[in-house]
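Take a look at the structure set out below.
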Amino acid sequence: MGVVMSTYPFTEVEKKWRQKWEETQLYKTDMNNDVDKKLYCLVMFIYPSGDKLHIGHWYNYGPTDSWARFKRMQGYNVFEPMGYDAFGLPAENYAIKHGIHPAISTAQNIEYIRQQLKAIGAMYDWSKEINTSAPEYYKWTQWFFLLLYKNGLAYRKKAPVNWCPKCQTVLANEQVIEGRCERCETEVTHRDLEQWFFKITDYAEKLLEGHNRIDWPEKTITMQKNWIGKSEGAKIIFQVDKSEDKIEVFTTRPDTLWGVTYMVLAPEHPLVAKLTTEQQREVVNNYVAQARKESDIQRTSTEKEKTGVFTGAYAINPVNNERVPIWIADYVLVTYGTGAVMAVPGHDTRDFEFATKYNLPIREVISPDGKPHEKLKEAYIDAGIMINSGEFTGTPSKEGIEKVIRYLEENKFGEKTVNYKLRDWLISRQRYWGAPIPIVYCPDCGEVPVPEDQLPVVLPEKVDFKGRGESPLKTNPDFVNTTCPKCGKPARREVDTMDTFVCSSWYYLRFPNPEIDTYPFDKDLVKKWLPVDQYVGGAEHAVMHLMYARFFAKVLYDLKLIDFDEPFKRLVHQGVITKDSNKMSKSRGNVVNPDIFVEKYGSDTFRMYMMFMGSYEDGGDWSDEGITGIHRFINRVWRLIDLLKDNKATGNETKESKELERIRHYTIKMVTNDLERFHFNTAISRIMELVNGMYLYIQNVPLEQQNRQVLEDAKETLVLLIAPFAPHFAEECWEKIGKPYSIFNARWPEYDEAKTQKDTIPIAVQVNGKLRATIEVERNAADETVLGIALADEKIQKHVGGKTIVKKIVVKNRLINFVVK
RNA sequence: GCGAGAGUGGCGGAAUUGGCAGACGCGCUAGACUUAGGAUCUAGUACCUUUUCCGGUGUGGGGGUUCGAGUCCCCCCUCUCGCACCA
């Protein structure tokens, strides 16, 4: 090519612009002006686990920042903050292992991670950094606890709870994945403990309703819906025979009530001990003991054959006064509904299996055709006609549900009920590195909340956090021993700390002003900037963080402290990056270390390659060779800018320049649309096409004929379009082509729809659906004209000649199909 | 077991509404430039047949709807994710 080839010097360039951006405070968001054009773009802040920034973080933060930059260039006043979700087990476990205090290791970690985050070159407004483990922050986490407490939404109760033997703490239901600890995958066991809960169940209905008003992935909404698990049915009361006791059951099929042939209580049901007869006591006790010993994994395995024992007691079916035996079985869960079920083996698969095993009667009360059948081979669970059901016999079962409920209500046998799978959120943890729960236990006054003006309850530094199974805070007498805020007498502090998910349930409110020390968030700025317009983070938080954060927003909304109840208007989940189509993991030894590639190719190239690998929401497969494609592309653009530096083109050339101009407009259009939808990979390939087009033009048209203006426009557009993807690089190019700092204050290019289209278009000509020729015609040419040209084509003649054309299909500007016989 | 999504060249992946399958990149091949190239530029690259042309086949498998199906419908296989006795 005869030109000295230069290579893009990313190391210096990236350093240069990072410095300049910082000096000029380019990314400091003006929170008070341009609020009508505000755009709050948030990524899930980082949980500094000690692993530093891994590729998943990069994949979350890099592309989201590109999107935010695109929005900024479109004229939005973008706010993009970053912070540290710094409480939590990793720091504490690290401390136990290495003897370094969590406060110190966390501080070191944050220091290091901040540098790595800066290397991404994102538009974070560093003046708004948050650290949830700082007293200035967790003071307000405690404040929120008190707020919920005062409003009856935080309470303490003894309950069988999930216990992780490895983490030595209780876990919320959401943190138990298939019977294992969400964090360390240890099998979870049960303990009866006095624990703190947030009453998220009060918000089940509101959490479901809000789903209709948010632009979230359908899958995530479905997961939340399933987790909340709403089901409508009836509560029915069965009297225990020869006793004052009553058994309450929940059923979605009151229409099958006449088919009840026994009752089942969960082994943990409070009535079990009371009901059991002397003869049965021993077997029942043994069974209960056995059930308690088993883990959830063992107990809930659907492969496991159902077991149970008879209590010796009987219950009376309210609708027909039948006396049915009461059993206990571990297929009934104490945590769902009332912990007791009416068993209808004829119409419930589980009951059928159980009844068959223990020779309990099976009665048909729903029939597909309204006629009774000899013997059921399996449970008939679908709708049908009610039979053997007293006055309801003959009623279609769906109608029957409503009618039976009315009948139950009239006779006070039961009532219509909605039941939810959702449990209250267990928030106390027997760990050290978290926000202390601001409660004091006084021998006289009982449970006393710490007054707001005494917050924060400071996490003491000196504790023995190597303790096993008990809250480390218990080991610091100075912390534990205090005085009652009410009566002043000696009292003890609560020694449990809060689940870290409490910290992250409100952080998005604090970002606009993390300095504020009179309130958890700046009401004025929150009114202007919230809710979050775009939220991006991993799908693994679908039922944890994302539901808790919604819960908090709804509570605050109901208390009139904020004026919105859905915190995240639009949500996108980034996909997972794999290596050789496998999940990256230390045990597989296939972890890609971002630092190595950032050093080798630069931050922009690394980010851009991640965005090019696959579609953002699906993730992609990392390839050490693949990144060279982006590396080459960046250099290709760099040389192109160089080539066009002293653009000596003087010509007026029109044919090819017109095509280049078309490509330019078309590229702007496609890149804009793709960026909007987070389709980064295709956006990048469009820019590549523009670059390819520019090279072709320069090479195919002699220099003196080249159209200067068209080239200049293409060059400027190219740099602007590439800016969100490769910010340092584009800033340098922008300066090179003589534009004023900064490109991120420049406007995103506009396109003209008319100019994106070609004058002549290739039309595919098919005969009987098979492609036989391609013809070039004027855009929007009349059908007749196009047909004429197509028919005249000799290849078409070959296939059509001598046959009858039965049908001619014309798809304008696209295709023709001749159907011949 | 139930529910959702996916399955496209040697590889990563494209393809709003059914309308030229394989954009873009990696890899590979050839040419150019070079003392050299693991640099760069250009061209080619789904498979089969064929020297070429011309043909034929092709989006996990099988059926269907349609002038026309990667796209819609039915059945089956595989993978991923979610739920997993929820009464």
Side-chain angles (χ1 to χ4, degrees), chain A residues 1-3 5 7 177-179 218-220 222-223 226-227 229-231 233 249-253 256 264 299-304 306 329-333 335-344 347-351 353-354 419-422 539-540 542-543 576 578 580-581 583 609 612-615 618 620-630 632-633 635-636 639 670 673 677 679 681-689 691-692 695-696 698-700 762-774 795 798 806-820:
Chain A
M1 297 230 323
V3 190
M5 246 153 346
T7 312
I177 314 286
E178 290 179 29
E218 205 45 56
K219 204 179 165 179
T220 307
T222 306
M223 275 168 71
N226 291 342
W227 190 260
K230 178 179 183 174
S231 70
V249 299
F250 172 75
T251 180
T252 53
R253 294 292 301 273
T256 64
V264 192
R299 262 186 72 166
T300 61
S301 163
T302 40
E303 266 104 83
K304 195 183 101 174
K306 294 192 187 346
D330 66 1
Y331 79 90
V332 174
L333 309 172
T335 50
Y336 184 76
T338 60
V341 300
M342 56 178 226
V344 186
H347 306 287
D348 180 281
T349 322
R350 298 151 302 182
D351 297 344
E353 195 190 315
F354 192 82
N419 196 50
Y420 299 92
K421 212 178 86 176
L422 183 70
E540 67 274 16
V543 290
V576 177
T578 53
D580 306 318
S581 300
K583 251 195 189 135
Y609 176 56
F612 184 63
M613 275 189 308
S615 71
D618 295 340
D621 197 53
W622 176 272
S623 149
D624 291 359
E625 291 78 46
I627 193 172
T628 60
I630 296 293
R632 288 207 277 250
F633 172 67
N635 274 298
R636 198 165 142 84
R639 285 189 302 272
M670 298 309 278
N673 291 343
R677 302 180 297 159
H679 287 198
N681 54 335
T682 48
I684 293 168
S685 51
R686 296 303 173 192
I687 302 176
M688 288 172 166
E689 284 174 325
V691 172
N692 291 346
Y695 267 98
L696 279 182
I698 291 173
Q699 270 149 18
N700 293 347
I763 304 282
V765 187
Q766 301 182 333
V767 179
N768 287 343
K770 287 205 165 119
L771 181 70
R772 297 300 182 188
T774 308
K795 285 183 215 140
K798 226 166 105 183
V806 197
K807 207 170 179 182
K808 299 170 189 170
I809 287 127
V810 182
V811 183
K812 210 160 194 68
N813 294 332
R814 275 190 185 275
L815 162 147
I816 285 175
N817 190 11
F818 294 111
V819 185
V820 301

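Residue numbers start from 1 in every chain, and the chains themselves are labelled A, B, ... in the order their sequence lines are given, proteins ahead of strands.
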d(CD, A:Q699; C1', B:U40) in whole Å: 10 Å
Stepwise side chain to side chain contact (heavy atoms under 4.5 Å, CB included) check, A:R636 with A:Y695: CA-CA 9 Å; A:R636 198 165 142 84; A:Y695 267 98; 3.5 Å; yes
Assigned partner base of B:C33, Watson-Crick or wobble definition, under 3.5 Å: none
Spacing between A:Y695 atom OH and B:G25 atom C1', to the nearest angstrom: 16 Å
Between B:G3 (P) and A:N226 (CG): distance, integer Å: 12 Å
Side chain of A:E689 (C-beta onward), nearest among B:A87, B:C85, B:C24: B:C24
Distance, C1' atom - from B:U8 to B:G60, rounded to whole angstrom: 10 Å
Sugar-phosphate only, base, or nothing, as touched by A:L696 at under 4.0 Å among non-hydrogen atoms: sugar-phosphate
Minimal non-hydrogen separation, A:G769 against A:N817, with atom names: N-OD1, 3.0 Å
Spacing between A:N768 atom CG and B:A69 atom P, to the nearest angstrom: 12 Å
Between B:G64 and B:A69 - P atom distance, rounded Å: 12 Å
Distance below 4.0 Å between A:K421 side-chain N/O and B:A87 OP1 or OP2: no
Residue pair A:D621 / A:T578, side-chain donor-acceptor N/O under 3.5 Å: yes
Rounded distance in Å between the C1' positions of B:A15 and B:U71: 10 Å
Base paired to B:G7 (Watson-Crick or G-U; both N/O distances under 3.5 angstrom): B:C77
Spacing between A:M223 atom CE and B:C2 atom C1', to the nearest angstrom: 15 Å
Whether A:Y331 and A:F354 hold their rings parallel, tilted or perpendicular, with breakpoints at 30° and 60°: tilted
Distance, P atom - from B:C53 to B:C47, rounded to whole angstrom: 15 Å
A:M688 CE - B:C26 P separation (whole Å): 7 Å
Gap in Å between the two P atoms, one belonging to B:A46 and one to B:A21, rounded: 13 Å
Touch class at under 4.0 angstrom, heavy-atom based, for A:V819 against every strand present: sugar-phosphate
Touch class at under 4.0 angstrom, heavy-atom based, for A:K812 against every strand present: nothing
Candidate nucleotides B:A87, B:G55, B:C85, ranked by approach to the side chain of A:R772 - the nearest: B:G55
Opposite nucleotide pairing with B:A84, Watson-Crick or G-U, both atom distances under 3.5 Å: none
A:S615 versus A:N681, closest heavy-atom pair with distance: N-ND2, 3.5 Å
Distance-minimising heavy-atom pair for A:A343 and A:V264: CB-CG2, 4.3 Å
Interatomic distance, A:W227 CH2 vs B:C83 C1' [rounded to whole Å]: 9 Å
Test side chain to side chain contact (heavy atoms under 4.5 Å, CB included) applied to A:F250 and A:V341, step by step: CA-CA 7 Å; A:F250 172 75; A:V341 300; over 6 Å; no
Sugar-phosphate, base or nothing in reach of A:V332, heavy atoms under 4.0 Å: base
Span that lies between the C1' atom of B:U45 and that of B:G22, in whole angstrom: 12 Å
Any A:K770 side-chain N or O less than 4.0 Å from OP1/OP2 of B:U57: yes
Same-atom distance (P) from B:C75 to B:A4, integer angstrom: 12 Å
Watson-Crick or G-U counterpart of B:C72, or none if no pair lies under 3.5 Å: B:G64
Heavy-atom protein contacts under 4.0 Å, nucleotides 4-18 of chain B, coded B base, S sugar-phosphate only, - none: --------BSS-BB-
RNA chain B: 5'-proximal contact among A:K583 and A:K798 (nearest heavy atom): A:K798
Verdict with supporting geometry, A:S685 and A:F612, side chain to side chain contact (heavy atoms under 4.5 Å, CB included): CA-CA 8 Å; A:S685 51; A:F612 184 63; 4.2 Å; yes
A:K812 atom NZ: more than 12 heavy-atom contacts under 6.0 Å: yes
Value in whole Å for how far the C1' atom of B:C81 lies from CD of A:E218: 16 Å
Base partner of B:C28, which must satisfy Watson-Crick or wobble distances under 3.5 Å: B:G44
Distance test, side-chain N/O of A:R639 to OP1/OP2 of B:C41, below 4.0 Å: yes
Nucleotide nearest A:R636 when distance is taken to its side chain, options B:U42, B:G27, B:C67: B:U42
Sugar-phosphate, base or nothing in reach of A:N692, heavy atoms under 4.0 Å: sugar-phosphate
Phosphate OP1/OP2 of B:C24: any A:R632 side-chain N/O under 4.0 Å: no
Closest listed nucleotide, where the reference is the side chain of A:K807 and the choices are B:C41, B:A87, B:C67: B:C67
Step-by-step side chain to side chain contact (heavy atoms under 4.5 Å, CB included) determination, A:F633 to A:I687: CA-CA 10 Å; A:F633 172 67; A:I687 302 176; 3.8 Å; yes
N-glycosidic conformation, B:G18 - syn within 90 degrees of 0, else anti: anti
Listed nucleotide nearest any side-chain atom of A:Y331, set B:C24, B:C85, B:C26: B:C85
RNA chain B: 5'-proximal contact among A:F818 and A:I684 (nearest heavy atom): A:I684
Sugar-phosphate only, base, or nothing, as touched by A:K808 at under 4.0 Å among non-hydrogen atoms: nothing
Distance-minimising heavy-atom pair for A:T256 and A:V344: OG1-CG2, 3.5 Å
Sugar-phosphate only, base, or nothing, as touched by A:S623 at under 4.0 Å among non-hydrogen atoms: nothing
Counter-base of B:C20, judged by Watson-Crick or G-U geometry with both distances under 3.5 Å: none
Distance between C1' atoms of B:G7 and B:G70 (Å, rounded): 11 Å
